[in-house]
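To start, the structure under review is shown below, and the notes come after it.
Just so you know, these numbers use all the heavy atoms, side chains as well, and skip hydrogens, waters and symmetry mates. This is a predicted model, so every value here is computed, not measured.
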Amino acid sequence: ALSIGWGGERLLEESLAGLRGFSSEKTRAFTAPLTPMNEPIRSERTIAHIVLPLQAMLSVARARGTKLNDVALCVLDAAMHRYLRSIGRPAGRALVAICPVSLQDRKIKQLTTQVSVFWTPLGTPSAPVGRRMRQVMVNTRAAKERMRTMPRDVAYAYAVLTFALGETLTLVPRGSVDYFLPANVLISNVRGPSEPLYLGGARLEALCPVSTLISGMGLNITFMSYAGQVVIGLDQHPSRATQDRPGERRIEREQRRIDVPARPLRSGNSRVSSGANLSHRARASCTSRHCSGKSCSTSAAGPRSGLRQ
């Protein structure tokens with residue numbers, strides 16, 4: 001109860017600050033811009049994946065004095081802004097991401113959920129790559145510092161209450177009102193095996209993450225490392241404004257700006273229609289020379305990709 005009270009107090013402070021509206025001088029919660037990603041979610045889904053080389057991304061991170069996560073966030077942020085401009089719905093200010101973070105203590109083994117979230121503005125819409133990277137670095141570090149001020153139990157309660165408030169706000173008729181919006185996208189990262197895995201002598205070519213959507217955020221991006229590569233999975237609710245794909249080509253363009261070559265896992269426009277079982281697989285064509293193409297798939301029930309027959 002004490003943790004819930006403390007977490008609720010933090011959320012109340014952030015909410016009251018957000019009610020004052022966006023400020024270019026001070027970072028405030030609940031001031032994300034209204035975008036097509038924030039439209040009401042229906043049953044359709046569009047899923048896509050793209051592969052980036054892990055070592056190249058780490059080299060960029062080292063050269064810029066930052067971490068892999070910041071490099072990925074910079075690329076994704078620029079790609080999202082390119083997407084919004086392409087459909088005539090540009091954001092007027094920095095997009096806001098919600099990022100899950102593990103609270104696990106490696107010295108203590110617990111069979112309980114130990115996760116929280118931090119929210120962070122990304123880069124300004126028109127920022128060049130160098131400035132965008134610096135903005136992402138500064139903003140994510142500030143967000144993590146805010147998180148560190150809370151004990152683990154409080155941070156977990158804060159996350160639960162934050163999601164509850166965010167989903168409640170989606171029930172309020174908004175129209176075109178750009179006010180008191182928690183975030184635009186949920187972005188998470190998963191550290192996978194550093195060495196390749198095999199099943200019956202067949203190499204697992206890629207781990208393709210497929211995440212879930214939450215009310216009020218029609219775009220979920222997960223990037224996962226595996227055997228020297230990073231696979232970025234995009235799960236999107238198609239906007240009423242466009243039926244466009246989530247943005248593999250835009251990610252490819254933006255990663256070239258920071259010298260990280262990419263190769264896409266080209267997939268069809270894999271929508272899960274109304275009433276369909278989510279275990280239906282969205283077929284993907286892997287570009288790996290080890291893969292026959294037909295044996296690669298991504299599943300909404302879990303990743304199963306790259307196992308040769």
Evaluate side chain to side chain contact (heavy atoms under 4.5 Å, CB included) for Val115 paired with Leu103, printing each intermediate quantity in order.
CA-CA 5 Å; Val115 66; Leu103 299 174; 5.6 Å; no
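- Side chains of His81 and Leu95 form a contact here, defined as non-hydrogen atoms less than 4.5 Å apart.
- Counting heavy atoms from C-beta outward, Leu54 and Leu68 have side chains that approach closer than 4.5 Å.
- Side-chain heavy atoms closer than 4.5 Å link hydrophobic residues (I, L, V, M, F, W, Y) into clusters, and following such links, even through other members, never connects Leu84 to Leu181.
- Residues Pro125 and Gly92 share a closest heavy-atom pair of CG-C, 4.2 Å.
- Between the Asn38 side chain and the Met217 main chain, no donor and acceptor come within less than 3.5 Å of each other.
- Atom SG of Cys99 is separated from atom CG of Leu186 by 7.5 Å, given to the nearest 0.5 angstrom.
- In terms of heavy atoms, Ala143 sits closest to Phe118 at CB-CD1, 3.5 Å.
- By the 4.5 Å heavy-atom criterion applied to side chains, Leu52 and Phe223 are not counted as neighbours.
- Heavy-atom minimum distance, Val129 versus Arg64: CG1-NH2, 4.5 Å.
- A donor-acceptor distance shorter than 3.5 angstrom exists from the side chain of Asn220 to the backbone of Thr212, with no hydrogens or angles considered.
- With hydrogens and angles ignored, the 3.5 Å screen pairs a side-chain donor or acceptor of His49 with a backbone N or O of Pro209.
- By the 4.5 Å heavy-atom criterion applied to side chains, Leu165 and Phe30 are counted as neighbours.
- A heavy-atom distance below 4.5 Å is not found between the side chains of Asp178 and Phe22.
- Looking only at side-chain heavy atoms (C-beta outward), Arg45 and Val210 stay at 4.5 Å or farther from each other.
- The backbone N or O of Leu34 lies less than 3.5 Å from no partner atom in the side chain of Tyr179, so there is not a single donor-acceptor pair.
- Looking only at distances, a side-chain donor or acceptor of Gln229 sits under 3.5 Å from a matching main-chain atom of Glu205.
- Listed here is the closest heavy atom pair of Arg85 and Pro90: CG-CB, 4.1 Å.
- Taking CG of Asn189 as the reference point, atom CD1 of Ile232 lies at 11.0 Å (rounded to 0.5 Å).
- The backbone N or O of Val96 sits less than 3.5 Å from a side-chain atom of Asn184, completing a donor-acceptor pair.
- A donor atom on one side chain and an acceptor atom on the other are found under 3.5 Å apart for Asp70 and Thr140.
- A distance of 7.5 Å separates CD1 in Ile41 from CD1 in Ile214, rounded to the nearest 0.5 Å.
- A 4.5 Å side-chain heavy-atom check between Thr35 and Met37 finds at least one atom pair inside the cut-off.
- Although no hydrogens or angles enter the test, the distance criterion places no donor-acceptor pair under 3.5 Å between the side chain of Arg89 and the main chain of Ser86.
- A donor-acceptor contact shorter than 3.5 Å is absent between the side chain of Arg93 and the backbone of Pro121.
- When only modelled atom types and interatomic distance are considered, Arg10 and Thr149 share a side-chain donor-acceptor pair under 3.5 Å.
- Residues Tyr226 and Pro196 share a closest heavy-atom pair of OH-CA, 3.3 Å.
- Under the 4.5 Å side-chain heavy-atom criterion for ILVMFWY residues, a single connected hydrophobic cluster contains both Trp6 and Trp119.
- Not a single donor-acceptor pair under 3.5 Å links the side chain of Tyr156 to the backbone N or O of Ser3.
- The side-chain hydrogen bond (donor to acceptor under 3.5 Å, both in side chains) analysis of residues 127-138, with sequence neighbours excluded, yields the pairs Asp77-Arg132, Thr124-Gln135.
- From Leu169, atom CG reaches atom CG of Leu171 across 8.5 Å, with rounding to the nearest 0.5 Å.
- Taken from CG in Leu234 to CG in Leu76, the straight-line distance is 7.0 Å, to the nearest 0.5 Å.
- Taking hydrophobic clusters as Ile, Leu, Val, Met, Phe, Trp and Tyr residues chained together by side-chain heavy-atom distances below 4.5 Å, Val71 does not share a cluster with Val138.
- Arg141 is not listed as a side-chain neighbour of Lys144, based on a closest heavy-atom distance of 4.5 Å or more.
- The main-chain N or O of Gly21 is found under 3.5 Å from a side-chain atom of Arg28 such that the two form a donor-acceptor pair.
- Hydrophobic clustering, with ILVMFWY side chains joined whenever heavy atoms are under 4.5 angstrom apart, keeps Leu213 apart from Leu219.
- Under the 4.5 Å side-chain contact rule for hydrophobic residues, Val185 and Ile87 share a cluster.
- In plain terms, the two heavy atoms of Met224 and Leu207 that are nearest each other are CE-CD1, 3.5 Å.
- Rounding to the nearest 0.5 angstrom, the gap separating the OG atom in Ser116 from the CZ atom in Arg152 is 12.0 Å.
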